[in-house]
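The structure appears below as structure tokens.
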2 protein chains.
Amino acid sequence: MALATKKLPSAKLRSAAFKRVRADHSAELAGDYVEMIADLIDERGEARCTDIAMRLGVANATVVKTLKRLQTAGLITQEPYRAIFLTVEGWKMAEDGRRKHAIVEKFLLALGVSQETARIDSEGIEHHVSTETLRAMGKFLARNGG
Amino acid sequence: MALATKKLPSAKLRSAAFKRVRADHSAELAGDYVEMIADLIDERGEARCTDIAMRLGVANATVVKTLKRLQTAGLITQEPYRAIFLTVEGWKMAEDGRRKHAIVEKFLLALGVSQETARIDSEGIEHHVSTETLRAMGKFLARNGG
DNA sequence: TTGAAAGTTTAGCATAGGCTAAGTTATATG
DNA sequence: CATATAACTTAGCCTATGCTAAACTTTCAA
């Protein structure tokens with residue numbers, strides 16, 4: 001009990017981090033979908049299956065299946081062969097994601113990485129950033145002319 | 001073709017980001033396992049199933065199954081009922097992960113977040129950080145006394 | 001040395017998230 | 001208005017990653 005645990009977090013604390021990562025992953029896909037649906041609605045008035053599939057780089061059938069889960073989760077509504085809509089909760093999640101995404105992307109740019117890298121990395125990082133870290137990024141942006 | 005694509009990346013470029021995220025995710029678990037196995041070997045001389053399961057917060061059987069994939073992938077070696085070893089490639093991946101992890105965690109600390117948050121967030125962020133971003137984080141650390 | 005506890009493996013199940021191929025509906029055009 | 005094309009859905013497959021329960025080894029101590 002002495003040497004080994006001197007400054008290391010306990011096994012329980014360690015596992016909490018991995019559990020959060022796994023939880024983040026389940027939420028991630030939903031977040032990406034609603035954010036993209038919101039973008040499509042804003043850009044072109046409606047969100048269609050095909051556009052989502054193209055932008056995500058997956059097959060159409062995959063999108064259909066996922067949309068069913070999102071509907072069950074109460075994030076979207078849809079009728080057969082029609083466009084997709086966000087529920088109130090869906091919009092909230094989309095806005096949250098956009099806000100987070102924007103901060104992370106701007107932060108990476110301010111840190112000095114290229115536009116392209118900021119765009120790509122922020123997509124992955126966005127979902128693993130806690131409120132505290134997001135706030136720290138915001139402060140950094142304020143200091144460094146974001 | 002004019003208005004819509006003014007400053008937005010094309011659908012193909014967009015989808016590339018999501019494809020990278022998906023690829024990162026498949027590599028992520030392997031990275032976490034080998035890093036943890038390396039830690040266990042360093043800390044206590046050997047890595048056992050149970051310790052990995054405890055630290056990851058998953059069931060024992062899940063670890064066994066995953067270890068089989070890692071063996072097939074050439075990252076570890078193991079014999080029934082014995083401790084787990086890393087191959088040369090496994091060690092390389094573990095070292096890579098540790099290096100990355102350390103930079104991201106120190107970076108978050110330097111950014112001003114708490115020890116606890118740095119530990120947790122770095123676990124998720126680590127796998128989505130490109131070489132370019134990692135270098136930018138390193139530079140920031142150099143400037144800010146990392 | 002033998003038997004219980006601890007650790008490991010197998011079997012079998014579930015869900016998420018991919019895919020292709022084939023069928024169905026909507027829409028746009030000749 | 002009829003039909004070809006585009007969009008959507010269904011069916012059925014696969015792998016990854018989780019679980020529990022049960023079976024099997026190892027190890028340690030009486």
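Within every chain, numbering begins at 1; the chains are lettered A, B, ... in the order of the sequence lines, protein sequences first and strands thereafter.
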Requested in this report: Please identify each residue that fulfils side-chain hydrogen bond (donor to acceptor under 3.5 Å, both in side chains) with B:S130, with sequence neighbours left out.
Outcome: A:D121, B:T133
Report task. Under 4.5 Å between side-chain heavy atoms, chaining through other members, with only Ile, Leu, Val, Met, Phe, Trp and Tyr counted: pull out the rest of the cluster around B:V21, sorted by chain and number. Result -> none
Report task. Report the residues that fulfil side-chain hydrogen bond (donor to acceptor under 3.5 Å, both in side chains) with A:D24, sequence neighbours left out, ordered by chain and then residue number. Result -> A:R20, A:H128
Query raised in the report: Tell me, which of residues 21-34 of chain B have any heavy atom that sits under 4.0 Å from an atom in DNA chain C?
Result: B:R22
Query - For B:A118, side-chain contact (heavy atoms from CB on, under 4.5 Å) partners two or more places apart - result: B:E105, B:L108, B:L109, B:V113
Query raised in the report: Atom CD of A:E46 to atom P of D:dA7: distance rounded to whole Å?
Result: 11 Å
Query raised in the report: Excluding sequence neighbours, so at least two apart, what forms side-chain contact (heavy atoms from CB on, under 4.5 Å) with A:I103?
Result: A:L134, A:M137, A:L141
Report task. Please identify each residue that fulfils side-chain contact (heavy atoms from CB on, under 4.5 Å) with A:L29, with sequence neighbours left out. Result -> A:Y33, A:T66, A:R69
Report task. Using the test side-chain contact (heavy atoms from CB on, under 4.5 Å), find all partners of A:A17 that sit at least two apart in sequence or belong to another chain. Result -> B:R119, B:I120, B:E123
Report task. Tell me, please, the opening and closing nucleotides of DNA chain C, 5' to 3', among those with an atom under 4.0 angstrom from a non-hydrogen atom of chain B. Result -> C:dG7 to C:dG18
**Report entry** Residues which pass side-chain hydrogen bond (donor to acceptor under 3.5 Å, both in side chains) with A:N60, listed by chain and number, not counting sequence neighbours
**Finding:** none
Report summary line: Under a 4.0 Å heavy-atom cutoff, the residues of residues 60-69 of chain A touching DNA chain D are A:N60, A:A61, A:V64, A:K65, A:K68
**Report entry** Between D:dT17 (P) and B:I52 (CD1): distance, integer Å
**Finding:** 15 Å
Donor-acceptor list for residues 80-91 of chain A side chains, cut-off 3.5 Å, not counting sequence neighbours:
unit_1 : atom_1 : unit_2 : atom_2 : d
A:T87  : OG1    : A:G74  : O      : 2.7
A:T87  : OG1    : A:L75  : O      : 3.1
A:T87  : OG1    : A:E89  : N      : 3.4
A:T87  : OG1    : A:G90  : N      : 3.0

Query - Non-hydrogen side-chain atoms of B:V58 and B:K65 separated by less than 4.5 Å - result: no
Query raised in the report: Would you say a side-chain N or O of A:R82 is under 4.0 Å from OP1 or OP2 of D:dC8?
Result: no
Query raised in the report: Rounded to whole angstrom units, what separation is found between the CE atom of A:M54 and the P atom of D:dC8?
Result: 10 Å
